[in-house]
Number of protein chains: 2
Amino acid sequence: MVNLTWEDQEEKAMASRRNTTPIRDAIDRAVLEALDADSRMTILAISHRTGLARGTVQARLERYERENALRDHSVRIDPTALGLGISAHVAAELDQHRIDVAVEGLRAIPEIVECLAPAGETDLLCRVVARDPDDLYRVSEEIRLCPGILRTRTSMFLRQPIPYRMNQLLATITD
Amino acid sequence: MVNLTWEDQEEKAMASRRNTTPIRDAIDRAVLEALDADSRMTILAISHRTGLARGTVQARLERYERENALRDHSVRIDPTALGLGISAHVAAELDQHRIDVAVEGLRAIPEIVECLAPAGETDLLCRVVARDPDDLYRVSEEIRLCPGILRTRTSMFLRQPIPYRMNQLLATITD
DNA sequence: CATCAGCTAGTCAAACTGATCAGAGTAAGA
DNA sequence: TCTTACTCTGATCAGTTTGACTAGCTGATG
């Protein structure tokens with residue numbers, strides 16, 4: 001399964017030459033809305049929900065897989081269920097010569113669920129989860145002690161007025 | 001089958017409430033690691049991958065469902081596949097008397113995939129996606145024009161040194 | 001107008017699910 | 001030590017779903 005067949009490569013090349021996004025029409029919207037509601041829904045269930053033929057749904061799912069329209073890691077687990085009830089941002093200021101070293105160090109901290117590099121004064125922005133405020137302090141200390149990190153600024157999230165969502169965005173696909 | 005008395009039921013309820021987190025042991029870790037790798041994996045596939053009996057996996061999945069250990073909306077769709085290649089934070093300063101109105105307005109903007117309320121100087125922090133820098137400007141304008149919003153500060157993400165991940169966290173479950 | 005890609009609607013064998021059950025191991029309490 | 005309550009295992013069974021086919025239809029394109 002390692003090597004791509006010639007046909008696969010050709011298809012990918014064609015797709016990129018056509019400069020289209022893998023997801024474009026009303027069928028994609030319907031299928032993905034179903035998947036967004038429950039990613040474990042069976043093909044047949046999606047077919048019933050959307051009113052599409054089973055083969056169509058099956059073909060689309062295969063296409064998404066082929067074109068990597070779906071993330072490798074599906075984020076279905078609620079950190080709260082792991083006992084990690086609070087989340088926060090830790091903004092880090094770096095020694096600009098040691099960015100890679102710093103990222104390497106951060107990668108080893110499990111509580112960092114994501115790390116972003118924004119334009120602006122902050123060098124790295126880490127999204128972290130923790131058991132409680134005390135635990136959050138521990139995590140932010142761990143971050144501060146990573147090599148190449150000069151200073152950190154932690155800010156806890158009090159509420160999540162809009163939880164992560166994809167459905168509004170999917171609804172905008174009109175074809 | 002003997003009927004449970006009210007006391008029995010109460011005791012059971014107490015016991016389940018005493019349970020700290022729905023996810024705790026090595027079995028949970030294995031099952032969830034499999035789900036994290038591919039949330040559409042069949043029960044049988046998870047059973048093979050983890051070496052657990054099929055019934056065990058089935059029982060755990062039912063429990064997760066019952067105890068809401070999994071998020072309602074699974075985030076499997078890559079915004080890039082929708083043609084939304086850039087993401088950013090828009091920090092908003094609010095008229096403190098009209099927070100609810102502001103959130104209501106933000107909810108109507110599809111490009112806002114998440115909105116957080118951090119402790120500190122920023123009132124609301126919106127995670128947004130957009131087609132290109134020009135599109136990002138449009139979205140941040142839309143946010144700025146929401147009722148109750150006084151000022152915004154947009155910062156684009158240049159890189160994502162650590163993409164959203166759950167696996168490191170799952171690996172810490174030791175039982 | 002002929003071609004072609006993509007959706008629909010069938011079929012079939014193979015795989016999977018949900019619901020059982022009995023048996024075994026284990027932890028907690030009497 | 002002997003229950004009792006749990007839970008994981010391994011098994012079966014009927015019903016469902018999948019993957020891989022088929023053929024027919026339609027709209028877009030050259």
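Chain identifiers are assigned alphabetically (A, B, ...) following the order of the sequence lines, protein sequences preceding nucleic acid strands; residue numbering begins at 1 within each chain. Since we're looking at a predicted model, the values are computed, not measured.
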Worksheet item: Between B:D28 and B:L170, is any pair of side-chain heavy atoms under 4.5 Å apart?
Response: no
Worksheet item: Atom CG of A:D25 and atom P of C:dA5: how far apart are they, to the nearest Å?
Response: 17 Å
Worksheet entry | Whole angstrom value for the distance that separates P of C:dC16 from CE of A:M41 | 21 Å
Practice prompt. Decide, yes or no, whether a salt bridge links B:R138 with B:E141 under the criterion of side-chain N to carboxylate O below 4.0 Å.
Written response: no
Item to complete: In whole angstrom, give the distance that lies between atom CG of A:D28 and atom P of C:dC7.
Response: 9 Å
Worksheet, complete the sentence: Applying salt bridge (Lys or Arg N to Asp or Glu O under 4.0 Å) to B:E114 and not counting sequence neighbours gives A:R127
Discussion item. Short of 4.0 Å, heavy atom to strand atom, which residues of residues 45-54 of chain B count as contacting DNA chain D?
Written reply: B:L52, B:A53, B:R54
Worksheet entry | Contact nearer the 5' end of DNA chain D, comparing A:Q58 with B:A59 | B:A59
Fill in: Length of the CG-P vector between A:L44 and D:dT16, whole Å
10 Å
Fill in: Angle between terminal axes - the helix from C:dC1-D:dG30 to C:dA30-D:dT1, 5 pairs each end, rounded to 10°
40°
Worksheet item: Any idea which of C:dT17, D:dT9, C:dT8 is nearest the A:T56 side chain?
Response: C:dT8
Worksheet item: Under the side chain to side chain donor-acceptor pair (under 3.5 Å) rule, what pairs show up with a residue in residues 148-159 of chain B, not counting sequence neighbours?
Response: B:E93-B:R151
Item to complete: Could you pull out all residues at least two apart from B:Q168 that satisfy side chain to side chain donor-acceptor pair (under 3.5 Å)?
Response: none
Response to the item:
When rounded to whole Å, the CZ to P distance for the pair B:R40 and D:dG19 reads 9 Å
Fill in: Rounded interatomic separation in angstrom, taking CD1 from B:I43 and P from C:dA19
10 Å
Item to complete: Figure out the CD/P separation between A:E62 and C:dC7, and round it to whole Å.
Response: 12 Å
Worksheet item: Is there a side-chain contact between A:I99 and B:P161 (heavy atoms, below 4.5 Å)?
Response: no
Discussion item. For a quick test of reading the model, state the closest non-hydrogen atom pair linking A:V129 to A:V139 and the distance between them.
Written reply: O-CG2, 4.5 Å
Can you give me the N/O atom pairs linking the protein to nucleotides 20-28 of chain C at distances under 3.5 Å, or say none if there are none?
none

Practice prompt. I would like to know whether A:R60 and A:L52 meet side-chain contact (heavy atoms from CB on, under 4.5 Å); could you show each step before the answer?
Written response: CA-CA 11 Å; A:R60 293 290 172 136; A:L52 295 163; over 6 Å; no
Practice prompt. Report yes if some heavy atom in the side chain of A:D123 is under 4.5 Å from a heavy atom in the side chain of A:Q96; otherwise report no.
Written response: yes
Practice prompt. With the side chain of B:T42 defined as its heavy atoms from C-beta on, choose the nearest nucleotide among C:dC16, C:dG6, D:dT18.
Written response: C:dC16
Worksheet item: How many angstroms lie between atom CD1 of B:I162 and atom CG of A:L106, to the nearest 0.5 angstrom?
Response: 5.5 Å
Worksheet item: Considering only D:dC8, C:dG6, C:dG18, which nucleotide approaches the side chain of B:I27 most closely?
Response: D:dC8
Item to complete: Mind calculating the distance between CD (B:E65) and P (C:dT17) to the nearest angstrom?
Response: 15 Å
Discussion item. Is the shortest side-chain heavy-atom distance between A:R40 and B:E65 below 4.5 Å?
Written reply: no
Worksheet item: Under 4.5 Å between any side-chain heavy atoms of A:I77 and B:L35, yes or no?
Response: no
